[in-house]
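Structure first, then comments.
Because only heavy atoms are used, hydrogens play no part in the values below, and waters and symmetry mates are left out as well, while side chains stay in. Numbers restart at 1 for each chain; the letters A, B, ... are given by sequence-line order, proteins then strands.
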Number of protein chains: 2
Amino acid sequence: MNIGDAAEQAKLPRKTIRYYEEIGLINPLRSENGYRDYSPIDVHRLRFLQRSRSLGFTIEECRLLLSLYDDKHRASADVKAIAEAKVHEIDQKIKELTELKATLSALAHSCHGDRRPDCPIINDLAGGPCA
Amino acid sequence: MNIGDAAEQAKLPRKTIRYYEEIGLINPLRSENGYRDYSPIDVHRLRFLQRSRSLGFTIEECRLLLSLYDDKHRASADVKAIAEAKVHEIDQKIKELTELKATLSALAHSCHGDRRPDCPIINDLAGGPCA
DNA sequence: CATAAAGGTTCCAGCAACCGGAAGGTCAAG
DNA sequence: CTTGACCTTCCGGTTGCTGGAACCTTTATG
């Protein structure tokens with residue numbers, strides 16, 4: 001199967017697939033004409049990558065997950081630990097963003113938003129809390 | 001004032017300050033010896049940048065905010081619009097992350113996490129929703 | 001058979017927003 | 001006089017791709 005079809009099945013751009021090959025996450029065979037030739041197993045692997053990435057795992061985490069995927073004797077606990085760490089990370093990020101939003105929307109709210117040049121937002125940015 | 005002191009006052013790494021200069025967000029005078037020389041106004045500007053960045057504005061948004069800051073006749077509405085757009089963006093990001101977290105923590109929860117190799121997380125990644 | 005469109009290939013460059021380090025100049029203190 | 005803390009520039013790397021140029025191959029059509 002050529003890269004176009006593989007891309008469609010894995011729901012990944014061609015460019016991304018070539019990039020994944022470049023960094024050693026996958027390596028398909030080559031046809032006589034030099035075209036990449038993806039087996040169903042390759043496509044499966046690409047799909048694994050697509051899903052892992054969309055769940056927020058970094059490339060390096062994906063690499064690790066793939067190695068666990070390949071290792072038929074790994075313990076499920078290993079995988080679970082990675083997933084839980086990721087959940088924690090995401091949670092932290094959510095907290096940060098929530099605070100950010102509160103600060104910013106308080107600022108926006110305090111601004112009358114008319115034609116006058118006086119603006120609490122700019123004033124805060126200019127001389128805010130760390131002044 | 002040399003870059004070290006400016007950095008401390010603005011709470012920005014030296015490297016970052018030089019970078020901001022490189023991309024034209026600031027340009028301090030130079031002393032005889034070639035050292036950058038920051039005026040209080042420069043430091044103020046750096047602080048503005050530090051605060052804006054920490055509130056999640058991109059560099060280009062900061063550039064815009066600075067130009068509004070410099071323009072004594074701009075309407076506060078212009079600034080408010082930018083802030084509100086940012087709040088909306090942040091909100092979207094929070095929503096995305098929340099969904100991500102739900103998916104991932106459901107997965108982690110479904111995994112018994114012991115020594116056995118069978119793992120629902122890996123299984124999902126391998127053949128998940130887009131199989 | 002010619003040709004044009006739609007695939008494929010490689011490599012090079014660039015995005016955001018910096019960070020780290022090397023090689024070197026400068027300045028104050030002991 | 002030397003040590004060490006500053007400062008300078010420049011180069012490369014980070015993450016995860018994406019776009020484009022220049023080129024080859026395959027397929028469809030006139």
For [N], does either OP1 or OP2 sit under 4.0 Å from a side-chain N or O belonging to [X]?
X	N	result
B/Thr16	C/dC19	yes
B/Tyr20	C/dA17	no
B/Arg18	C/dG20	no

Once you round it to whole Å, what is the distance between [atom2] of [N] and [atom1] of [X]?
X	N	atom1	atom2	answer
B/Asp5	D/dA5	CG	P	16 Å
B/Arg30	C/dT26	CZ	P	14 Å
A/Tyr19	D/dT18	OH	C1'	11 Å
B/Glu22	D/dG12	CD	C1'	13 Å
A/Ile59	D/dT14	CD1	C1'	13 Å
A/Glu60	D/dG13	CD	P	16 Å
A/Ile3	D/dT25	CD1	C1'	15 Å
A/Arg63	D/dC17	CZ	P	12 Å

Atom pair [atom1]/[atom2] of [X] and [Y] - distance to nearest 0.5 Å:
X	Y	atom1	atom2	value
A/Leu66	A/Ile26	CG	CD1	8.5 Å
A/Cys111	A/His109	SG	NE2	11.0 Å
B/Arg53	B/Leu25	CZ	CG	10.0 Å

Can a donor-acceptor pair be found, under 3.5 Å and without considering hydrogens, that links the side chain of A/Arg63 to the backbone of A/Ile23?
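Yes: the side chain of A/Arg63 pairs with the backbone of A/Ile23.
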Please tell me which of the listed nucleotides, [options], lies nearest to the side chain of [X]?
X	options	value
B/Arg36	C/dT10, D/dG16, D/dT8	D/dT8
B/Arg53	C/dA17, D/dT9, C/dT9	C/dA17
A/Arg14	D/dC17, D/dT8, C/dG7	C/dG7

5'-most contact on DNA chain C: B/Asn33 or B/Thr58, nearest heavy atom basis?
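First, find each residue's nearest nucleotide; the 5'-ward one identifies B/Thr58.
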Assign B/Ile23 to base, sugar-phosphate, or nothing according to its heavy-atom contacts below 4.0 angstrom with the strands shown.
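Nothing, no heavy atom under 4.0 Å.
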Distance-only donor-acceptor test, B/Tyr35 side-chain atoms vs C/dG25 base atoms, 3.5 Å:
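Flag set: donor-acceptor pair detected.
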With distance as the sole criterion, do the side chain of A/Lys15 and the base of D/dG16 form a donor-acceptor contact below 3.5 Å?
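For A/Lys15, whose side chain was compared with the base of D/dG16, there is no donor-acceptor pair (under 3.5 Å).
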Is A/Lys101 salt-bridged to B/Asp91, cutoff N-O under 4.0 Å?
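Here A/Lys101 pairs with B/Asp91 in a salt bridge, since their nearest N and O are under 4.0 Å apart.
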